[in-house]
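Okay, so here's the structure we're looking at.
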Amino acid sequence: MPLSRRKPFTLAEPPKDLEPHELVYQVRFTKEIFQNYQDYLNRINLYRHRVWVCKSTGKTNLTYEEALVSEKHAAEKVQELPKELVAPALHIIQFSMLSLKDLSDTIATKLQKRFFVGAEVNGKRDEGLHPCKILKVLEVDGNKTQYEIAWLDKNKKTIENSLLDGENLVWKKLPFSRNVFKSFIRESTYRSLPWVLHEKLARKHDISTVPPVELRDQVFFQDGLLVYKKRRKNEEGNNIEEAKGESGKCKRLKVGSEKLEEDDQLKKEPMKYPIDDLLVQPAADDPVFTDRPSPLRDFNVPMGCVGDLLMIWDFCSSFSKLLHLYPFSLEDIENSICHKDSNLALIMELHSAILRLLMKDGENLLPTKNKTRKITLINWTEYLCDFLDKINILELCSYMTTIKRGHYGLLGANAKLAILRELVNQALETDLIREKLDEQIEQRRALGATKREEALEAARQEREEKEWLKALPVANGVLNGHSLENLHISSNGEDVKKNGETAEKINGEINSSQQKNSLGSKKEALKQLRDDKKETTERRSKEQRREYFEREMEKQIISTNSLGKDRDYNRYWWFRRDWRIFVESSDSVKWGYFSSKEELDALMGSLNPKGERERTLQKQLEKVHGKIKSEMEKRTKSIVENIALEEAVLRRSTRVRASPRENPANAFLRYVNKWKED
């Protein structure tokens with residue numbers, strides 16, 4: 001248990017008046033329970049202060065949780081100590097008056113020459129050290145020990161047996177360290193100077209709990225624990241405890257009150273945000289949060305299949321060039337999945353493209369006899385059935401009969417998406433996809449390196465310009481005989497100051513000294529104009545380069561990660577090729593989406609930055625806010641154009657009315673794969 005000011009800290013007792021269904025606040029790492037939220041926050045705030053000490057290692061300046069982790073790691077290292085060395089070490093520790101450092105050094109020194117059965121060590125033979133293993137410990141007399149050992153070869157096989165003294169054995173590597181012994185001492189004892197073992201531990205190893213003769217006058221037992229009498233004397237030879245009298249008691253009371261005041265001060269300190277979102281409570285200084293809009297859920301596919309639909313579409317969009325598959329919208333693939341036609345071009349091209357990829361990669365997921373034939377829009381179902389038969393998934397194999405009869409379109413949306421999901425999963429494991437991923441990762445790294453180099457070069461040039469300006473002969477505000485405050489440059493009827501301030505029109509007469517320098521001023525004015533144009537051009541060039549790097553980095557994005565989570569652990573997704581923000585429930589069962597700028601603004605206005613999850617989500621939304629709004633505006637414009645087109649179609653006579661395939665809502669029926677392989 002971590003120490004507070006090097007003293008044990010008592011955890012809060014659970015409330016006694018708890019109701020069975022009462023909601024409470026629990027500290028995650030101590031399991032303490034609080035009914036009052038403010039008490040809970042005060043305790044969390046106390047645990048976050050760096051005032052805790054690891055009991056096992058003595059590390060200071062830790063938070064409570066860090067101290068717990070440190071104690072756990074120390075306990076794991078102590079468990080690695082060989083069992084044969086535990087009892088000898090405990091005998092040395094019991095009632096020792098040495099400091100922690102000296103005691104750990106003493107134990108390590110004494111146990112260096114203590115070997116046990118099964119230990120692998122080096123033995124001296126033929127003026128060299130050779131590996132061996134201890135088989136048996138033989139007591140020759142009280143002061144001398146011999147060991148029966150087995151000499152080992154390079155493969156750790158026994159060559160022969162022999163007897164060696166302890167002096168001729170050396171550890172290959174010590175099975176302990178002094179730091180481990182320090183942790184072992186702290187874990188094994190309940191007090192120091194003298195160090196006293198826990199009673200159960202002492203009994204387990206048959207170690208006496210009776211103090212030695214030299215300590216019996218200085219210790220006594222109280223409540224079953226040993227207490228040491230500290231009798232220090234002053235110069236007159238009187239006991240300090242007796243000399244203190246009442247003043248000592250007052251001093252102790254004063255120190256105790258100071259500690260209580262410090263604890264109260266820690267509790268009164270304001271809470272440090274962010275904290276876990278579920279623990280955030282309304283406060284007076286909170287801004288006005290908007291109501292979070294409800295996401296739309298009008299998907300054509302079953303709710304449980306939306307995640308598979310998004311994954312499949314994102315895969316096809318990300319690797320469209322590798323698949324030789326012309327990009328299509330999310331709406332198109334959703335409508336195609338739900339359509340009952342078995343000969344939809346989009347569905348046939350999608351399956352054929354993935355099957356071709358699997359065949360190119362040399363995967364053994366298709367029969368050898370079919371590898372010589374070309375996958376076409378006519379025989380793609382044969383290859384699909386061969387694939388399903390090869391992977392031998394019972395649920396998917398049950399659809400083979402319907403597919404072989406030519407009725408693929410009659411399968412349910414969940415069945416179609418399950419087949420596509422398995423195709424995508426197999427494609428992701430191919431070497432072609434992995435090589436493409438590696439290539440894009442390398443390109444991203446190269447772009448990042450180029451961007452950093454240009455930034456460093458720009459910083460170097462800026463630094464050199466500043467150093468050059470500092471080196472110019474400037475004295476008393478005069479540069480080359482001209483006042484820095486009064487130097488003006490005229491161009492196109494406008495006056496520009498040398499120091500960049502807004503120029504004022506020259507009034508009054510020009511004195512003789514200004515007339516002499518008029519020619520030089522005109523030259524300087526022209527030079528300044530050229531410098532200004534050059535600076536503007538360079539600034540534009542930097543912005544263009546920055547935009548270029550951002551565009552190129554976006555092209556190399558190979559995976560879509562969620563933007564973050566809200567208070568209730570709902571995940572938010574945005575795909576670069578769609579205008580909507582998708583919402584996934586914490587259990588991944590329900591999906592929804594936001595599709596308008598008003599909903600996006602309302603969502604961002606409802607996030608509380610005091611919570612850890614919502615603060616991260618808010619930052620990510622701010623990064624892509626402009627791009628999402630741009631996509632939403634494009635979508636709105638497209639919808640307006642489609643409505644106008646539909647109205648124009650309705651105004652025509654029935655004899656020239658457009659066919660259903662020309663309806664914008666049926667765009668998926670007109671899909672053509674422009675990137676198809678020859």
Side-chain angles (χ1 to χ4, degrees), residues 307-330 332-333 346 348-366 371 374-375 380 383 387 390-391 419-458 541-564 573-578 582 620 623-624 627-628 630-631 671-678:
D308 290 339
L309 176 70
L310 291 171
M311 184 270 290
I312 294 164
W313 173 73
D314 189 47
F315 169 80
C316 295
S317 301
S318 301
F319 298 98
S320 55
K321 291 185 178 179
L322 183 63
L323 293 168
H324 297 280
L325 187 65
Y326 193 74
F328 45 82
S329 67
L330 180 60
D332 287 346
I333 187 175
L346 178 54
M348 293 189 293
E349 292 287 359
L350 174 57
H351 286 82
S352 300
I354 301 177
L355 289 169
R356 288 192 198 102
L357 179 73
L358 294 174
M359 184 175 287
K360 279 183 185 179
D361 192 69
E363 291 285 336
N364 297 322
L365 298 173
L366 298 174
K371 290 190 176 182
K374 188 177 180 180
I375 300 177
W380 69 275
Y383 284 88
F387 169 78
K390 194 72 174 178
I391 60 176
I419 293 171
L420 282 170
R421 180 187 64 217
E422 191 60 34
L423 280 169
V424 170
N425 289 337
Q426 295 294 337
L428 287 170
E429 296 179 3
T430 60
D431 293 336
L432 291 173
I433 293 291
R434 291 178 181 176
E435 288 171 4
K436 183 65 176 177
L437 292 174
D438 293 339
E439 179 185 343
Q440 289 182 318
I441 291 171
E442 288 300 323
Q443 290 176 356
R444 281 181 64 86
R445 288 177 179 172
L447 284 170
T450 306
K451 186 178 180 181
R452 286 192 296 272
E453 288 175 2
E454 290 190 3
L456 290 173
E457 180 64 21
S541 177
K542 289 180 181 178
E543 292 176 357
Q544 290 172 355
R545 290 293 292 173
R546 182 176 58 80
E547 292 174 358
Y548 164 76
F549 280 118
E550 289 180 358
R551 288 195 304 270
E552 291 300 316
M553 293 287 276
E554 284 184 5
K555 290 179 183 178
Q556 304 304 326
I557 293 177
I558 53 181
S559 62
T560 303
N561 298 319
S562 67
L563 297 172
W573 299 82
W574 179 65
F575 300 90
R576 296 181 302 280
R577 303 164 191 87
D578 197 83
F582 292 90
Q620 293 298 321
K623 287 181 181 179
V624 297
K627 297 176 184 177
I628 297 176
S630 175
E631 293 293 332
Y671 175 80
V672 176
N673 187 7
K674 299 178 183 179
W675 293 353
K676 185 176 180 180
E677 290 181 287
D678 296 333

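Predicted model, so just to flag it, every value in this text is computed and none were measured.
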For the residue pair Ile391 and Glu422, what are the closest heavy atoms and their distance?
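Closest approach of Ile391 to Glu422: CD1-CG, 3.5 Å.
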
Ignoring hydrogens, what is the shortest heavy-atom contact between Leu432 and Leu322? Give both atom names and the distance.
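Here Leu432 and Leu322 meet closest at O-CD2, 4.0 Å.
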
Is there a side-chain contact between [X] and [Y], using heavy atoms and a 4.5 Å cut-off?
| X | Y | value |
| --- | --- | --- |
| Leu310 | Trp573 | no |
| Leu423 | Leu358 | yes |
| His324 | Ser352 | no |
| Trp675 | Pro327 | yes |
| Leu437 | Phe319 | yes |
| Asp308 | Leu420 | no |
| Asn425 | Met311 | yes |
| Glu457 | Glu453 | no |

Would you give the length of the straight line joining atom [atom1] of [X] to atom [atom2] of [Y], rounded to the nearest 0.5 angstrom?
| X | Y | atom1 | atom2 | value |
| --- | --- | --- | --- | --- |
| Lys360 | Leu323 | NZ | CG | 9.0 Å |
| Thr560 | Asp578 | OG1 | CG | 11.0 Å |
| Asp438 | Ile433 | CG | CD1 | 11.5 Å |
| Ser317 | Phe328 | OG | CZ | 6.0 Å |
| Ile441 | Gln443 | CD1 | CD | 10.5 Å |
| His351 | Ile419 | NE2 | CD1 | 6.0 Å |

Which class fits the ring pair Tyr671 and Tyr326: parallel under 30°, tilted 30 to 60°, perpendicular over 60°?
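Plane angle between 30° and 60°, so tilted.
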
For the residue pair Trp313 and Phe575, categorise the inter-ring angle as parallel (less than 30°), tilted (30 to 60°) or perpendicular (more than 60°).
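Ring orientation, 0 to 90° scale: perpendicular.
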
Would you check, one step at a time, whether the test side-chain contact (heavy atoms from CB on, under 4.5 Å) holds for Leu330 with Arg577?
CA-CA 9 Å; Leu330 180 60; Arg577 303 164 191 87; over 6 Å; no

Answer with yes or no after comparing the ring centroid distance for Tyr383 and Phe387 against a 6.0 Å cut-off, counting only values under it.
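Tyr383 vs Phe387: aromatic centres not under 6.0 Å.
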
